[in-house]
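Residue numbers begin at 1 in each chain, while the letters A, B, ... track the order of the sequences.
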Number of protein chains: 2
Amino acid sequence: MGSRPTSAARTPNRLSGTTPLYSAVKQMILDRIANGAWAPGHRVPSENELVAELGLSRMTINRALRELAIEGTLRRVQGLGTFVAEAKSSTGLVEIRAVIDTITERGNRYSASMVINEEERATPDVAEELEIGLAQPVFHTIIVHCENDLPVQLEDRYVNPALAPHYFEQDLTAITPDQFLAQRIGLTEAEHAIDAVLPANWEAKLLGVGRNEPCLLVRRRAFSGKKVATAARLLMPSGRLNIHSRMHIKL
Amino acid sequence: MGSRPTSAARTPNRLSGTTPLYSAVKQMILDRIANGAWAPGHRVPSENELVAELGLSRMTINRALRELAIEGTLRRVQGLGTFVAEAKSSTGLVEIRAVIDTITERGNRYSASMVINEEERATPDVAEELEIGLAQPVFHTIIVHCENDLPVQLEDRYVNPALAPHYFEQDLTAITPDQFLAQRIGLTEAEHAIDAVLPANWEAKLLGVGRNEPCLLVRRRAFSGKKVATAARLLMPSGRLNIHSRMHIKL
DNA sequence: TAGTGGTCTAGACCACTCG
DNA sequence: GAGTGGTCTAGACCACTAA
């Protein structure tokens, strides 16, 4: 960072293959935080101060600080300053992946069988989940997803026909309903809840497990704008399909 | 976006309270993708083309495209161009939060009781999880976390003493071990796996549930650099402490 | 009013990919 | 070589916060 370019004739700021300057600035700040020099809440030098200290343009400094703010390392307040963010307790994000991706990435064979595929009238529960009127028509599919013919997930899904009138025209054993809906409708938001349950009788039968086998239950709702496009219960016998992740901690 | 500023005299680009230009560009691109005009894989106009089309500076266009790339909506390849990313199947991220945050945010009272708090020798299982030698000393704590005195989580944790020699000097019923470790050591990475299990006898007793009550099991390992700082099993009776999230879908 | 971050511009050099 | 994205600069105007 040392070569301070004079105004007119521009000295080359980067040697070939060098890390970008904004990136070096980010790293310098991360280092000062890591070694304890800047504790959480500490006030980071202003953009202008860093411009003077490092001999870089303000846009470069700004990009470094802005990205660190987006990444959660810093907090910025207009008119006030930039501060080291409070330490995040190591709360983690876990990714819920599409079954088919998990299976094919493991090099295994994916198959699915359709159990139910019909238009029904919304019961009170379904109406509430889809946020539509009682007894409105809804599409209902139940699919068993298999890895090498072993059932790994039971998908019980309701779809709002107003948003996906062509839902049934698709071969839903070839493409995941989630994939289809994501492509066909513009899904903008999703909601997840994870729980542990014991399977109902019919669920245990379809999955080929005992009634005392604990299962992961993921309830997922996907939205298109403010409307609920689909609500699904994904039931997975313990041990067959893992939910896991490894991730960096911001600070 | 219409006011194309002439070169010398600068016309004001923003009315007060207007969205930033780079933000408007992002929205425009997102709209074109949403309404199907630009399908996944479609080649987005180059920065220079957008500069000409929209009458903005290249830096502004660049910021819009760069942020959309970071957010996963676009893919950029130097020398080639910018493309609409493939539709993400609606795979979701779920946040695993610190118990204490969840409880206090609900306005309830958090308490904890220490069940075990001692130094032990690593069994084969523990040695493998912590990636240390067999029979090495390890810190072992078992804590029951309660919401309004109702047990909601059983935390069974092993800590690598080499990384956290002062682990026992802390009042671990007042501050979460995860919080302490995040602050004291520099935790850099975390690993999670979620499963559904039935509790063991002693676990069921501590949680005050029946042996047939399915429980969520979160296995978490936190790293400091390449070394495992701590490995924990977090056991949660169904229904008492939910894991959930609502999030935007990138595309 | 002075200082801060938020944004924008016009122009520049570079590394990369392709034909 | 022409075109692409990646980066950097110097200078500018703005909105916000504080004393």
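- The interatomic distance linking A/Met59 (CE) with D/dT9 (P) rounds to 11 Å, in whole Å.
- A/Asn160 places a side-chain N or O within 3.5 Å of a backbone atom of A/Ala162 that can act as its donor or acceptor partner.
- Distance alone, capped at 3.5 Å, places no donor-acceptor pair between the A/Arg220 side chain and the A/Leu234 backbone.
- Using a 4.0 Å cut-off, no side-chain N or O of B/Ser46 falls inside it from OP1 or OP2 of D/dG3.
- The A/Ser57 side chain lies nearest to D/dA10 when the options are C/dT7, D/dA10, C/dA10.
- In this structure, the ring of B/Tyr110 has its center less than 6.0 angstrom from the ring center of B/His145.
- For A/Arg66, counting side-chain heavy atoms from C-beta on, the closest listed nucleotide (C/dT4, D/dT9, C/dT7) is C/dT7.
- Contact annotation for A/Arg43: backbone-only contact, meaning every heavy-atom pair under 4.0 Å involves sugar-phosphate atoms and none involves a base.
- Mapping A/Tyr22 and A/Gly79 onto DNA chain D by nearest heavy atom places A/Tyr22 at the nucleotide closer to the 5' end.
- Within the 3.5 Å criterion, the main-chain N or O of B/Asp101 finds a donor-acceptor partner in the side chain of B/Thr104.
- Between the C1' atom of D/dG5 and the CD atom of B/Gln78 lies a distance of 5 Å, rounded to the nearest Å.
- Closest to the B/Leu21 side chain, of the nucleotides C/dT9, D/dG5, C/dG6, is C/dT9.
- When rounded to the nearest whole Å, the span between CD of B/Glu49 and P of D/dA2 equals 17 Å.
- A sub-4.0 Å separation between OP1 or OP2 of C/dC8 and a side-chain N or O of B/Arg63 is absent.
- Look at CD on B/Glu47: it is 14 Å from C1' on C/dG11, rounded to the nearest Å.
- Residue B/Arg58 places a side-chain atom within donor-acceptor reach of the base of D/dG6, judged by atom type and a 3.5 Å distance cut-off alone.
- Rounding to the nearest 0.5 Å gives a distance of 10.0 Å between NZ of A/Lys26 and CZ of A/Arg66.
- In this structure, of D/dT4, C/dC8, C/dG5, it is C/dC8 that holds the atom nearest to the side chain of B/Thr60.
- Relative to the side chain of B/Thr82, the nucleotides C/dG6, D/dG5, D/dT7 differ in distance, and D/dG5 lies closest.
- Across the protein-nucleic acid pair, A/Ile61 atom CD1 and D/dT9 atom C1' stand 12 Å apart, rounded to whole Å.
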